Novice: 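My questions will all concern the structure given below.
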Amino acid sequence: MKLSELQPGQNAIIKSIGDLGGLKDRLMELGVLCGEPVQTVRVAPLGDPIEIRIGNEQLALRKEDAQKIEVEMISRTKYPERKGLS
């Protein structure tokens, strides 16, 4: 599945990063690395750009670039949401 296919609120793990030229190095500096969890925060009304969250960073990517990043969905049952102490 491509990063561009995730819906807002969906989580995934980055599996591979395709040929993004010089942008690939910059994204890697910002934490876009294989094995890192990523979440789609929101998508612009016309579908471009896409806002993502990786760790504490929030980035906006062009849809064209997000299509070159391969991800694997994380199911909620595999990684349940944390609850605070009651």
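Note that the coordinates shown come from a computational prediction; the quantities given were computed from them, not determined experimentally.
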Novice: Group every Ile, Leu, Val, Met, Phe, Trp and Tyr by side-chain heavy-atom contacts under 4.5 Å, then state whether V32 and V43 land in the same group.
Specialist: yes
Novice: With I54, which of L27, L30, V38 fulfils side chain to side chain contact (heavy atoms under 4.5 Å, CB included)?
Specialist: V38
Novice: Within the structure provided, determine whether I50 and S4 are in side-chain contact (heavy-atom separation under 4.5 Å).
Specialist: yes
Novice: What's the separation between atom CD1 in I69 and atom CG in L3, rounded to the nearest 0.5 Å?
Specialist: 5.0 Å
Novice: Find out if a path of hydrophobic residues (ILVMFWY) with successive side-chain heavy-atom gaps under 4.5 Å connects I14 to M1.
Specialist: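 Result: yes, single cluster for both.
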Novice: If Ile, Leu, Val, Met, Phe, Trp and Tyr residues are connected whenever their side-chain heavy atoms lie under 4.5 Å apart, and connections chain through other members, are I74 and I52 in the same group?
Specialist: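 Hydrophobic grouping puts I74 apart from I52.
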Novice: Under 4.5 Å between side-chain heavy atoms, hopping through other hydrophobics if needed: is there a path connecting L61 to I17?
Specialist: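 Yes, L61 and I17 fall within the same hydrophobic cluster.
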Novice: Under the 3.5 angstrom rule, does the side chain of E36 hit a backbone N or O of L33 as a donor-acceptor pair?
Specialist: no
Novice: With sequence neighbours excluded, what pairs up with K2 under the salt bridge (charged side-chain N to carboxylate O under 4.0 Å, His left out) test?
Specialist: E70
Novice: Quick check: closest heavy atoms across R42 and P8, and the distance to 0.1 Å?
Specialist: CA-CG, 4.1 Å
Novice: Tell me if a side-chain donor or acceptor on D48 pairs with a main-chain N or O of K63 at a distance below 3.5 Å.
Specialist: yes
Novice: If hydrophobic clusters are built from ILVMFWY residues whose side chains come within less than 4.5 Å, do V71 and M73 share one?
Specialist: yes
Novice: Looking only at heavy atoms, what is the nearest atom pair of C34 and S16, with distance?
Specialist: SG-CA, 3.8 Å
